[in-house]
Amino acid sequence: MNIVKRPRRLRVNGTIRSIVRETKLSVDDLVYPLFVVEGENIKDEIKSMKGNYRFSIDKLLEEIKEIEELSIKSVLLFGIPNHKDKCGSQAYDEDGIIQKAVRAIKLKFPKMYVITDICMCEYTSHGHCGILTEEGYVDNDKTLEYLSKIAVSHALAGADMVAPSDMMDGRVGHIRESLDKAGYVNVPIMAYSAKYASAFYGPFRDAADSAPSFGDRKSYQMDPCNVKEAIREVELDIEEGADIVMVKPALPYLDVIRKVKDEFNMPIAAYNVSGEYSMIKMAVDNGLLNESAIMESLISIKRAGAEIIITYFAKYAAEKLRTQL
Ligand code: PBG
């Protein structure tokens, strides 16, 4: 007798569906990115990223309290300085915006795991991610010295982890050596290993005021057409001492996440970037998509192989996960 096979049996109700569920999102997977500005009493909504704000440190602390109450364990900080110059000096200043923010958070919320983005584009007057040559090319090896200085200054301020997002060659090794020399052997590096030159960073550049004043980032960020190159980049970062490797953006690069997952025995992070956020947020807010699209897209990133998801939806997802079941 030809019995009908009935996969629907395991979909009959919510209980059995949750029992056979293969991929589960947990609040532990989430990292929430935050933007910090100089000043006081500032909580400015970012136009291109509704529901996200630029915070002055006093307001940032209120936000961290909410985040902690939602059981989110980790934040990724981006600083927007008042003053920019050719060498991004505010990025490594002891009293730079990030250094002050990290100290303030760790003082009041010592358990909050603070990751800092290591890059120069928010701090340079030209908006590129490093030091420029006369011809306007980002000088790789000179930039490494600065990136290391920035990383050590963040560790000194109390950062739990640093995340270089610049895509210079050799930066993970350089930063690792500098952190170790300064005594921060236990500060891990989450490397933006496969970071693509993507149009999906658009809203972030508005938020962080970090768009390049000329040209683009294609001479350091990766070509969206390449996967083998992503594997090579990840391999190099692991050799140089990365503790976590990242693929960025996430949704348009799920294949890259899966490939990295299959090739390497490493924790993998994926950055669900500003454009991915705004795209879905706008569609949900305007009634074009049901809001379950948010959790569906986060699950797709986890299913692709990422253990860590950096997302502007972290607060939303934490709330959802709390009320589910
Ligand atoms: C800094 C940096 C960028 C993002 C994270 N770190 C912007 C860029 O490379 O232009 C983008 C994050 C996002 O879009 O959410 N280099």
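When a ligand or atom number is given, it counts from 1 through the structure's own listing order.
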Undergrad: With sequence neighbours excluded, tell me which residues meet ring pair (Phe, Tyr, Trp, His ring centres under 6.0 Å) with Y192.
TA: none
Undergrad: For ligand 1, does C119 get within less than 4.0 Å through its side chain, its backbone, both, or neither, judged by non-hydrogen atoms?
TA: side chain
Undergrad: Let me confirm one number: the CZ-OG distance from F204 to S210, rounded to the nearest 0.5 Å.
TA: 5.0 Å
Undergrad: So, E38 and K100, do they make that salt bridge, N to O below 4.0 Å?
TA: yes
Undergrad: Could you check which of Q221, H128, E122, K195 puts a non-hydrogen atom nearest to atom 2 (C) of ligand 1?
TA: K195
Undergrad: Answer yes or no: are there more than 12 heavy-atom neighbours, outside N186 itself, under 6.0 Å from its atom CG?
TA: no
Undergrad: Counting each atom of ligand 1 from 1 as listed, which ones have a heavy atom of Y271 under 4.0 Å away?
TA: 12 (C), 15 (O)
Undergrad: I need the nearest protein heavy-atom contact for atom 4 (C) of ligand 1: residue, atom name and distance, please.
TA: K248 NZ, 2.6 Å
Undergrad: Please state whether Y277 comes within less than 4.0 angstrom of ligand 1, counting heavy atoms only.
TA: no
Undergrad: Looking at non-hydrogen atoms alone, which of F204, F200, Y196 comes nearest to atom 13 (C) of ligand 1?
TA: F204
Undergrad: Within a distance under 4.0 Å of any heavy atom of F78, pick out the atoms of ligand 1 and give their elements.
TA: 5 (C), 6 (N)
Undergrad: What protein heavy atom lies closest to atom 10 (O) of ligand 1? Include the residue and the distance to one decimal.
TA: R205 NE, 2.6 Å
Undergrad: What part of D166, side chain, backbone, both or neither, has a heavy atom within less than 4.0 angstrom of ligand 1?
TA: neither
Undergrad: Using a strict 4.0 Å threshold on nitrogen-to-oxygen distance, state whether D166 and R171 make a salt bridge.
TA: yes
Undergrad: How far is atom 14 (O) of ligand 1 from its nearest protein heavy atom, and which residue and atom is that?
TA: S274 OG, 2.7 Å
Undergrad: Salt bridge or not between K111 and E68? Use side-chain N to carboxylate O under 4.0 Å.
TA: no
Undergrad: Give a yes/no verdict on whether any heavy atom in R217 is under 4.0 Å from an atom of ligand 1.
TA: yes
Undergrad: Counting heavy atoms only, which part of C121 comes closer than 4.0 Å to ligand 1: side chain, backbone, both or neither?
TA: side chain
Undergrad: Taking the six-membered ring for Trp, are H128 and F214 ring centroids under 6.0 Å apart?
TA: yes
Undergrad: List every atom of ligand 1 that sits less than 4.0 Å from any heavy atom of S165, numbering the atoms from 1 in the order shown and giving each element.
TA: 1 (C), 2 (C), 6 (N), 16 (N)
Undergrad: Please tell me whether F55 and F35 form a close aromatic pair, meaning their ring centres lie under 6.0 Å apart.
TA: no
Undergrad: Taking 4.0 angstrom as the limit, do K59 and E62 come out as a salt bridge?
TA: yes
Undergrad: Can you tell me the protein heavy atom closest to atom 15 (O) of ligand 1 and the distance?
TA: Y312 OH, 2.6 Å
